[in-house]
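Quick notes on the structure that follows.
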Amino acid sequence: MSSTWAGLGQVGLLLVALAVVYKPLGDYLARVFTTAKHWRVERAIYKFVRVNPESEQRWTTYGYGVIGFSLVGVLLLYVIQRMQTWLPFAFGHGAVPPNMSFNTAISFTTNTNWQSYIPENVLGSTVPMLGLTVQNFLSAAVGIVVAIALIRGFVRSQTDRLGNLWVDIVRCTIRILLPLSFLFAIVLIGFGVVQSLHAGTGVTGLDGTQHTLALAPSASEESIKEMGNNGGGIFNANSAHPFENPNSWTNLIEIFLLLMIPVALTRTLGIMVGNKKQGYTLLSVMAVLWGAMLTVIWWAEAHPVGKAALLAGSGMEGKETRFGIAASSLFANSTTSTSTGAINAAHDSLSGLGGGGAMLNMMFSEMTPGGVGTGIYSILVMAIIAVFLAGLMVGRTPEYLGKKLGKREVTMASVAILAMPTLVLVLAGLAIALPATGAALNNSGAHGFSEVLYAYTSASNNNGSAFAGITVTSNFFQSTLGIAMGFGRYVPIVAVIALAGALAKQKKVPANAGTLPTTGVLAASMVTFTIVLVAAIVFIPALALGPIAEATS
Amino acid sequence: LADPLVHADAGGVAGGVIAGSRRRAPHMADVAYVALTIGIFGLLALMLRGLEKLQ
């Protein structure tokens, strides 16, 4: 079988697996957030944290809750890293330096999992288990509950209540993320992913030299890492490391995991708003852009440029031979079109066009299908902009899912959309302007520019994948990337919760002859066009200086 | 498995553990980064308050 057919087979298997879980998982997610029943363990947690699960919160309380909860998460994670010396299973590692602790704390709390450190060199097992993996669950839960709050904004009428943040987070963690991550950790162990609490094991190399191979509880970390769209590896090589991702089956399972919840949430949207076609329409937008970008990246990697690659017959630099071009492209496309950021190949070694494709996925604001929760709320915000623009053009009333789109709604949608590009362009521009940045780069010219642009795009989108080739341990990079992650995550979240509050206050408007249809091919094309247009207007000049210049040189 | 950054930190050069003792003193950098964190979330809270007034 040719590698192309093998790759197409993997894509086919992936799509079949996603189709199989789409309905049951989407329906289950909707049930979790709409049922009035509380589990016994949940009641115990509410009692312990003194929360009344029956009381609903105003959108402002919900928003302050998200901000406060995340602030506490960042500070706790900071302290845990700084206290590593005294923690068990530290394996001799000392405290993590302050700038790295700040960057890592904000990175894992924002679901970014950008790693400015080498895990096996800096961390023992306790910081990942007690701090980082806890945030893998909680940050994913925060993304999902914000999406649910926005959906409730569409569903509810004439109320200022969006639900109870603490109930939503507890249910999301207990009923969705914990059981699924446990199940898939077992599956991954079955397929050969390492699960160990030992620091390392000694091996003798072919030349007779003794080496120590670091070990880790990799499988349990891997399942939530992918399913929660976190992406932070327990090993530096991330999913290119054979202990995290040993073979084609684990590779396919990991790609499936990182797409599973974002895809199923479109079904959840359809169920909750009482019109499944709304979910299918947004799913089709996600699928078209995901498929288009996969084609671009795969084609670019299969048609390498440069003497070495042409002599070798393929662009395998930076890729694992056990995965090859197709599975590496599929992973790169899926990890950047979600907010995962895990990698199974070195993105710095992608071709100009392939690397540009990965960057463009993030510049679409990661909604194809996007992160867990963040994908569906981002595409809903983009749909609001699309409907508003189309309504203005054809003279129809701008309404979406039964709610009128006025000045307030569009202002908040605009804030949510423009936060990320502002952070990327301002901070990347600032970094490029500093003389010290040149010394931090492994490459000059267009590729060097791409390394900086990729770093801030990844941080501001809470993706976390790295182009590498850039040393980010300086105070400037640690701090500005941390700021990008913080504002890139929470400015859109605050705007989305405010948008949900504004929508929930409105009375539901029944569709009439003047209502623009928001399902079907025309509506999907409208949203797709708006996503591409916004990314193009904002980012084409920057892309021209980096990946486009590299691809055309 | 050692990392030079961590060794520097443990030796008291980069902050954290005071050389020759196991007692930890908060470094100025700790104060700065905690302040930066609180500043980021403070601005977000202000933004939420601003949006509340907008409604």
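Letters A, B, ... mirror the listed sequences (proteins, then strands); counts begin at 1. Excluded from the calculations below are hydrogen atoms, water molecules and symmetry mates; all remaining heavy atoms, backbone and side chain alike, are included.
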Output the option from I493(A), L75(A), I497(A), N99(A) having the highest count of non-hydrogen pairs under 4.5 Å with chain B.
->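 Answer, by heavy-atom pair count under 4.5 Å with chain B: N99(A).
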Highest number of heavy-atom pairs under 4.5 Å with chain B: which of G486(A), A502(A), A105(A), G63(A)?
->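 Of G486(A), A502(A), A105(A), G63(A), A502(A) has the most heavy-atom pairs under 4.5 Å with chain B.
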For residues D30(B) and Y78(A), is any side-chain donor paired with an opposing acceptor at under 3.5 Å?
->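 Yes, side-chain donor-acceptor contact under 3.5 Å.
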Which atom pair, heavy atoms only, marks the closest approach of [X] to [Y]?
X: T60(A); Y: L48(B); result: O-CD2, 3.7 Å
X: M47(B); Y: V491(A); result: CE-O, 3.5 Å
X: L51(B); Y: A498(A); result: CD1-CB, 3.8 Å
X: L54(B); Y: M412(A); result: CD2-CE, 4.0 Å

Residue part contacting chain B, namely of [X], when any heavy atom lies under 4.5 Å:
X: V74(A); value: side chain
X: S70(A); value: both
X: V79(A); value: neither
X: R489(A); value: neither
X: K505(A); value: side chain
X: I483(A); value: both
X: I106(A); value: side chain

Do L44(B) and F487(A) touch side chain to side chain, with heavy atoms closer than 4.5 Å?
->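 Counting from C-beta outward, L44(B) and F487(A) do come under 4.5 Å.
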Should Y64(A) and R49(B) count as side-chain neighbours, where that means a heavy-atom distance under 4.5 Å?
->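 Result yes, sub-4.5 Å side-chain heavy-atom pair found.
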In this structure, are over 12 heavy atoms from other groups packed under 6.0 Å from F476(A) atom CZ?
->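 More than 12 heavy atoms, drawn from other residues, nucleotides or ligands, come within 6.0 Å of this atom.
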Step-by-step side-chain contact (heavy atoms from CB on, under 4.5 Å) determination, V72(A) to F41(B) = CA-CA 10 Å; V72(A) 170; F41(B) 283 92; over 6 Å; no
